[in-house]
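Values in this document were obtained by computation on a predicted structure and should not be read as measured data.
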Amino acid sequence: MKTLIIIPSYNEAENICQVVDNIILNYPQYDYLVVNDASADETARICREHHYCFLDQPINLGIGGTVQNGYQYALENDYDIAVQIDGDGQHDVRFLPKMIELIEQGKADIVIGSRFITREGFQSSASRRMGISILSRFIQLLTFRHIKDVTSGFRAVNQKFITIYAHDYPQDYPEPEAIVTAIMYRGTILEYPVVMKERAFGSSSINFTKSMYYMIKVMIALFIRRISFGVRRG
């Protein structure tokens, strides 16, 4: 099936070559698109000089708008499957064939690469793991579905959800909200065990204070999104 790997990138000049060259060399059966979110560093120049397939956003849209642009590209170019991976090299592409296979076999609409099934590799900090656990339980409370790794940006979706996410994708920190959206659209979600890496260069933009703000903000957004679907269906 025709598959696109979406690589949202913001200030990933030190990581982007490793990520893209690995795909080109080892997984040529998949197309890819780097979506550069108006990076302040040399990400755009590097993509241009290496002749990568990339979309250069003129303004910073944040992770939600950047990923949504990738889905819009996938929809406009008739892809059957779209995959999200981060531009920082944390997501190991060797797990992609199995994730994609679950969609090709019709066993799932969405496959999430989860670090919390076998608990191998980089597990994030203790405070962030606690936050993820709280969000996971909150989503379960809202939807009666238990997803362990609700913040994983390592995901594969089928054509149905390419279309949905191209038109309706959450902004800001969208991964948990996108799960609620998928459940409300009656999507079948599976988690597949993956091993994630710690980013080689740069640092996460989310510190402890931002993590607390993020969790409160996301819980409010999740509640509103869940209620809005109830109103729509009602």
Looking just at side-chain N and O atoms, do [X] and [Y] make a donor-acceptor pair shorter than 3.5 Å?
| X | Y | value |
| --- | --- | --- |
| T66 | Q57 | yes |
| R225 | T181 | yes |
| D88 | N15 | no |

Which atoms form the tightest heavy-atom contact between [X] and [Y], and what is the distance?
| X | Y | result |
| --- | --- | --- |
| A182 | I110 | CB-CD1, 3.3 Å |
| M215 | G131 | SD-CA, 3.6 Å |
| N77 | K2 | O-NZ, 2.7 Å |
| A108 | N158 | O-ND2, 4.3 Å |
| Y165 | A178 | OH-O, 2.7 Å |
| A38 | Y10 | O-CE1, 3.9 Å |

message: Using the salt bridge (Lys or Arg N to Asp or Glu O under 4.0 Å) criterion, which residues pair with D37? Sequence neighbours excluded.
response: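 For D37 there are no salt bridge (Lys or Arg N to Asp or Glu O under 4.0 Å) partners, ignoring immediate neighbours.
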
field: For R45, all residues meeting salt bridge (Lys or Arg N to Asp or Glu O under 4.0 Å), sequence neighbours excluded
entry: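 With sequence neighbours excluded, R45 shows a salt bridge (Lys or Arg N to Asp or Glu O under 4.0 Å) to E42, E49, given in chain and number order.
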
Establish whether [X] and [Y] are linked, either directly or via other cluster members, by ILVMFWY side-chain heavy-atom contacts under 4.5 Å.
| X | Y | result |
| --- | --- | --- |
| L61 | V34 | no |
| V67 | Y79 | yes |
| I134 | I183 | yes |
| I224 | M219 | no |
| L135 | M130 | yes |

Proximity of Y185 and F229 rings by center, below 6.0 Å: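 Yes, close enough.
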
Is there a side-chain contact between [X] and [Y] in this structure, where contact means two heavy atoms from C-beta onward sitting under 4.5 Å apart?
| X | Y | answer |
| --- | --- | --- |
| N69 | Q72 | yes |
| I139 | R226 | no |
| I23 | I7 | yes |
| C53 | Y73 | yes |
| Q159 | I81 | no |
| Y214 | T151 | yes |
| Q29 | Y27 | yes |
| F154 | D149 | no |

Verdict with supporting geometry, I220 and F223, side chain to side chain contact (heavy atoms under 4.5 Å, CB included): CA-CA 5 Å; I220 294 170; F223 181 75; 5.8 Å; no

Hey, does the side chain of [X] reach the backbone of [Y] with a donor-acceptor pair shorter than 3.5 angstrom?
| X | Y | answer |
| --- | --- | --- |
| H91 | D86 | yes |
| D31 | L4 | no |
| T43 | D41 | no |
| S114 | Y192 | no |
| E76 | A74 | no |

Going from [atom1] on [X] to [atom2] on [Y], what distance comes out if it is rounded to the nearest 0.5 angstrom?
| X | Y | atom1 | atom2 | result |
| --- | --- | --- | --- | --- |
| S152 | E191 | OG | CD | 8.0 Å |
| R137 | S133 | CZ | OG | 4.0 Å |
| I63 | S9 | CD1 | OG | 8.5 Å |
| I5 | T3 | CD1 | OG1 | 8.0 Å |
| I112 | R155 | CD1 | CZ | 4.5 Å |

query: Could you go step by step and tell me if N36 and E12 meet the side chain to side chain contact (heavy atoms under 4.5 Å, CB included) rule?
result: CA-CA 9 Å; N36 177 45; E12 296 294 357; over 6 Å; no

- request: Test F116 against I132 for side chain to side chain contact (heavy atoms under 4.5 Å, CB included), laying out the working first.
  value: CA-CA 10 Å; F116 301 139; I132 293 168; 3.6 Å; yes

message: The test is side chain to side chain contact (heavy atoms under 4.5 Å, CB included); show your working for L142 and L222 and say whether it passes.
response: CA-CA 8 Å; L142 292 176; L222 289 170; 3.9 Å; yes

List the atom pairs, donor and acceptor, that lie under 3.5 Å between side-chain atoms in residues 94-103 and the rest of the protein, sequence neighbours left out.
{"unit_1": "R94", "atom_1": "NE", "unit_2": "D92", "atom_2": "OD2", "d": "2.7"}
{"unit_1": "E101", "atom_1": "OE2", "unit_2": "Q105", "atom_2": "NE2", "d": "3.0"}

